[in-house]
Protein chains: 2
Amino acid sequence: MDDDHSILQKPLSQLIADQLKKKIWNKEIEFGERLLESDLAESFDVSRSTIREALKILEIEELVISKARKGTYVATFTEKDLDEIIELRTLIETTAFSKALPKIEACHFNALEKITKEMKIKAQAQDWKALFDLDVQFHRYVVDLCDNSRIIKIYDSLQVQIRTFLMHLDQYYSSFHSFYEEHQALLEALKTKDSSVVKEKVKNHIVYVEEKILGRKEVEDDKVIPNQK
Amino acid sequence: MDDDHSILQKPLSQLIADQLKKKIWNKEIEFGERLLESDLAESFDVSRSTIREALKILEIEELVISKARKGTYVATFTEKDLDEIIELRTLIETTAFSKALPKIEACHFNALEKITKEMKIKAQAQDWKALFDLDVQFHRYVVDLCDNSRIIKIYDSLQVQIRTFLMHLDQYYSSFHSFYEEHQALLEALKTKDSSVVKEKVKNHIVYVEEKILGRKEVEDDKVIPNQK
DNA sequence: TGTTTGTCGATTGTCGACAATGATTACCCT
DNA sequence: AGGGTAATCATTGTCGACAATCGACAAACA
């Protein structure tokens, strides 16, 4: 439907990769599904080489995995994957926030407050998608101040994976208002300029997201989460 | 070694990628050098498509960076990059070690002790290359127990980058014996099974490596080992 | 009947050629 | 002569075809 035969400034393979990503996010392509190069080439009306490059891009983003001579498949997310992602995100984000702390100026607080206020509006409008975008924006804004490109890159990679996972959930378990309050609290924590306070709040926030958004209860030693449909 | 007209079980592009990696490590290709697809294709006697795939593989490993329509270049390592890598390595490795702690059994300690003893031997033989391999082996062995594939993957990626950097140093500034002692101490720390002790020691160890191996601080009684080749 | 082996189709890997784009040079106009 | 513009050249992006390999099915053998 979206014809991209307009002026292409970006490589075609990149556009294809983006479209494929959207298709995965829109559940037009399921987890674990095999991505057949020839079929994709036909459906996108490009050559297989281009598809190949697009798949390599998605592989870098860890959205697909390809095994030699066995094809490439959309990455699957098990409970274990989710645990890993959350653990890593906690580690990376507490560090990034802590590192960003001394660099935060008034202007940054203003930007963050603007985002938070926008959240309040979208929460009242019950616009989940907008809220999610604002969420990403908020966290990414702070992480970006941490001055370590590798940490930022890892965060982005995690964000893509989280988004992919969220998009595949049938329903979200969060209340709109508490979502806004959470980020308000996060902002307040940042304003204390106290590293340990911030770290604690970030950790707390991620646990909150885990429990509320994903509908998980307390994390016990054994995983007792009925996730299968 | 060089002629790959034997039975290839792996994709040609992967072999090329490996060879390119070696070339970078052997300083046959310098940092920041442009990798011209047509030249590489000719020198490896394969098609440009294959070279392209190989470069994409190296891009995933972050050994090269490619800008659209501007070519791909060998990644450069500035002081800032080194700082970033060390910071990230400290974060990842303290976490991984700490997570691995409860999973370490007697058999693991045996394996680690074996590695450490081997280090002592190689230290006496002043075999730097073997020592370096044992070093990687030691750390990777523990990290592997942390039960988070994403953390392991990040660690591997860092290791590749560190190796790339080290290979380009003209000389090392470490004493062989202290190198062995460091890992012995690391092993002792692990045996305490105390998370904070381990984290502290790992942090300390990485700083040690930074200062000694990379010569960021002057070291009094150590030899300077020329980096052959 | 169960196992091995050979053949075939499907799919990925590799190739060389063409197209699009960026950089460089040569040229023209004032 | 200088600055801007058009021709050119080098290099990456894309293409369609061929080759190598894998998986499945069928045939031969015990």
Side-chain angles (χ1 to χ4, degrees), chain A residues 2-21 23-24 29-76, chain B residues 2-21 23-24 29-76:
Chain A
D2 323 77
D3 226 8
D4 293 290
H5 286 291
S6 49
I7 313 109
L8 343 151
Q9 301 289 14
K10 289 190 171 184
L12 194 47
S13 50
Q14 182 68 59
L15 295 179
I16 304 278
D18 291 343
Q19 292 191 30
L20 269 177
K21 195 191 295 185
K23 273 180 188 278
I24 293 174
I29 305 177
E30 281 298 326
F31 285 169
E33 187 175 328
R34 183 171 194 180
L35 297 175
L36 214 56
E37 295 177 357
S38 17
D39 289 359
L40 292 176
E42 189 178 3
S43 78
F44 282 106
D45 196 34
V46 296
S47 97
R48 256 187 62 231
S49 316
T50 306
I51 294 294
R52 238 148 186 287
E53 302 233 346
L55 290 180
K56 272 288 197 307
I57 291 173
L58 293 183
E59 199 182 346
I60 293 177
E61 300 190 30
E62 307 202 60
L63 258 90
V64 306
I65 55 174
S66 78
K67 298 194 172 181
R69 299 196 184 282
K70 284 207 153 195
T72 85
Y73 300 77
V74 177
T76 64
Chain B
D2 294 354
D3 225 11
D4 294 291
H5 286 291
S6 50
I7 313 109
L8 341 151
Q9 300 289 15
K10 289 192 172 185
L12 195 47
S13 50
Q14 182 68 60
L15 296 179
I16 304 277
D18 292 342
Q19 292 191 31
L20 270 177
K21 193 191 296 185
K23 273 180 187 279
I24 293 174
I29 306 177
E30 281 297 328
F31 284 168
E33 185 174 331
R34 181 171 195 181
L35 296 175
L36 213 56
E37 295 177 356
S38 17
D39 288 358
L40 292 175
E42 189 178 4
S43 79
F44 281 105
D45 196 34
V46 295
S47 97
R48 256 187 62 229
S49 317
T50 306
I51 294 294
R52 236 149 188 287
E53 302 235 345
L55 291 180
K56 272 286 195 308
I57 291 173
L58 292 183
E59 199 182 346
I60 293 176
E61 299 191 31
E62 308 201 59
L63 258 89
V64 306
I65 55 174
S66 76
K67 299 196 172 181
R69 298 209 150 82
K70 285 209 152 194
T72 85
Y73 299 77
V74 177
T76 64

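Side chains are part of it too, since the values below use all heavy atoms of this structure and drop only hydrogens, waters and symmetry mates. These figures come from a predicted structure and were not determined experimentally. Chain naming here is simple, since letters A, B, ... match the order of the sequence lines and numbering starts at 1 in each.
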Participant: Counting side-chain heavy atoms from CB outward, which of D/dT12, D/dG13, C/dT14 is closest to B/Ser38?
Facilitator: D/dT12
Participant: Do A/Ile57 and A/Asp18 come within less than 4.5 Å of each other through their side chains, counting heavy atoms only?
Facilitator: no
Participant: Among A/Leu20, A/Ile65, A/Ile16, find the residue that satisfies the side chain to side chain contact (heavy atoms under 4.5 Å, CB included) test when tested with A/Leu58.
Facilitator: A/Leu20
Participant: Please report the distance, rounded to the nearest Å, between CG in A/Leu12 and P in C/dA19.
Facilitator: 16 Å
Participant: Within less than 4.0 Å of OP1 or OP2 of C/dC18, is there a side-chain N or O belonging to B/Arg48?
Facilitator: no
Participant: Can you find a pair of side-chain heavy atoms, one from A/Ile51 and one from A/Phe44, that are under 4.5 Å apart?
Facilitator: yes
Participant: To the nearest Å, how far apart are A/Glu53 CD and C/dT12 P?
Facilitator: 16 Å
Participant: Where is the tightest heavy-atom contact between B/Ala75 and B/Glu62, given as atom of each residue plus distance?
Facilitator: CB-O, 3.9 Å
Participant: A/Val46 has a side chain; which of D/dG13, C/dT11, D/dC15 sits nearest to it?
Facilitator: D/dC15
Participant: With respect to the side chain of A/Ser47, which nucleotide from D/dG16, D/dC22, C/dC15 is positioned closest?
Facilitator: D/dG16
Participant: Send over the distance from A/Asp45 CG to D/dT14 P, rounded to a whole Å.
Facilitator: 14 Å
Participant: Could you state the NZ-P distance from A/Lys70 to C/dT12, rounded to the nearest angstrom?
Facilitator: 13 Å
Participant: Out of D/dC22, C/dT11, D/dC15, which has the shortest distance to the side chain of A/Ser49?
Facilitator: D/dC15
Participant: Just how far, in rounded Å, is P of C/dA17 from CD of B/Glu42?
Facilitator: 14 Å
Participant: What's the CZ-P distance between B/Arg34 and D/dT11, to the nearest Å?
Facilitator: 6 Å
Participant: Just how far, in rounded Å, is P of D/dT12 from NZ of B/Lys56?
Facilitator: 12 Å
Participant: Please figure out whether B/Lys67 or A/Ala68 has its closest DNA chain D nucleotide nearer the 5' end.
Facilitator: B/Lys67
Participant: Would you say that more than 12 heavy atoms from the other residues, nucleotides or ligands in this model lie under 6.0 Å from the CD of A/Glu42, or not?
Facilitator: no
Participant: Which listed nucleotide (C/dT12, D/dG13, D/dT14) is nearest to the side chain of A/Arg69?
Facilitator: C/dT12
Participant: Starting at the 5' end of DNA chain D, which residue's closest nucleotide do you reach first, B/Glu37 or A/Thr50?
Facilitator: B/Glu37
Participant: If I take atom CG in residue A/Leu40 and atom P in nucleotide C/dT11, what distance separates them, rounded to the nearest angstrom?
Facilitator: 12 Å
